[in-house]
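Scroll down for the structure; my scribbles are underneath it.
Chain identifiers are assigned alphabetically (A, B, ...) following the order of the sequence lines, protein sequences preceding nucleic acid strands; residue numbering begins at 1 within each chain.
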Amino acid sequence: MNAHQWLDRATRELPEGVAGRVEQETRAHLQDAGVPEGADVRAVLGDPETTNDGLRRLYLTAKELEEVATGGSLRTGWNLSEWLPRLLPVFWVLAFWGETSQWWPLALYVPALILVQRLHSLRRRHWQGWLFSLFVFSVFVPETLVEVTGTPAGWLLASGLLLYSAVNFLKRDARLRRTLLAGEGRA
Amino acid sequence: MNTREQLRMLILAVLERQPEHGYAIAQAIKARSEGLLTAREGTLYPALHALEAEGLVESEEREAGGRVRREYRLTEKGGKVLAKARGDWQQRVRAVGAVLGGTS
């Protein structure tokens, strides 16, 4: 397996920025190791699948990055994933006009929404989408689960689901942040 | 400490002496361990990228002798993590040594 074939497999499905950095470092490594052009590189570089697995743990794939950038498979021409999270407070206030006791979720949602506006546009979209889901989940799911299970264990189940979702989201956000930095040549 | 964590500690220890590029890091690990430990590119660069994302090392492209190389250097945060990892490792070695017993 020559360097080109190895790199093809090691950077499979990764975005250009990440693949470019890996290619540059790999070719420099081979040059330093004195491996001739066209020679089998596995003895020096190891298994390309191991590298690909390691890189996928660190970075989003090109497809995942595109999903974040475009709003995913449920995208519409209205770009709802961008606007819906921002319009939610307005809808909520109008829906519960005169019932200020129902406004409490906004006390957490709105400051969080303002904070994420400072992020890179893709990370902002990512965070807005998650905050929106979190809002809807927190308002409707725990009480529904308590009703369905008929016990306060519903709260425990809801907390578990929330924690699971938060951990997965934060891991994905860290991968997105690294991918964006690699794309800018800063990672 | 699993293999991945061990590689991370070795990389930080190499960079503690001076900034290095990837190939030199791999060579230093091999040389200092008298050939017992190797860091192949397949695991080395993902580990370096992860360390950089965590702020434990930083990198910069440098030109030397007409060649462009990305040089990695230990950050202050990386130094603290290395000091802690080294302490934990030595404690573990002492504990295992005490159980196994010595020849002297």
field: Interface moiety of Gln24(A) toward chain B, non-hydrogen atoms closer than 4.5 Å
entry: side chain
query: Same hydrophobic cluster for Trp92(A) and Val136(A), using side-chain heavy-atom links shorter than 4.5 Å among ILVMFWY?
result: yes
- prompt: Among pairs that include at least one residue of residues 10-32 of chain B, which meet ring pair (Phe, Tyr, Trp, His ring centres under 6.0 Å), considering only residues two or more places apart or in two chains?
  reply: His29(A)-Tyr23(B)
task: Count the heavy-atom pairs under 4.5 Å between each of Pro48(A), Ala174(A), Ala28(A) and chain B, then report the option with the highest count.
output: Ala28(A)
- prompt: Excluding sequence neighbours, so at least two apart, what forms salt bridge (charged side-chain N to carboxylate O under 4.0 Å, His left out) with Arg124(A)?
  reply: none
- prompt: Are Leu115(A) and Trp127(A) joined in one hydrophobic group, where the rule is that I, L, V, M, F, W and Y side chains link up if heavy atoms are under 4.5 Å apart?
  reply: no
Atom pair OH (Tyr45(B)) and OG1 (Thr26(A)), whose distance is rounded to the nearest 0.5 Å: 7.0 Å
message: What I'd like to find out is whether the side chain of Arg178(A) reaches to under 4.5 Å of the side chain of His49(B), using heavy atoms alone.
response: no
message: Please classify the contact between Glu61(B) and chain A as side chain, backbone, both or neither, with a heavy-atom cut-off of under 4.5 Å.
response: side chain
query: When you look at CD of Glu16(A), are more than 12 heavy atoms from neighbouring residues, nucleotides or ligands closer to it than 6.0 Å?
result: no
message: Please tell me whether Leu84(A) and Phe169(A) are part of a single hydrophobic cluster in this structure, the criterion being side-chain heavy atoms less than 4.5 Å apart.
response: yes
Closest non-hydrogen atom pair, Pro46(B) against Leu58(A): O-CD1, 3.1 Å
- prompt: So what's closer than 4.5 Å to chain B heavy atoms on Ala10(A): side chain, backbone, both or neither?
  reply: neither
- prompt: Can you find a heavy atom in the side chain of Arg67(B) that is under 4.5 Å from one in the side chain of Asp32(A)?
  reply: yes
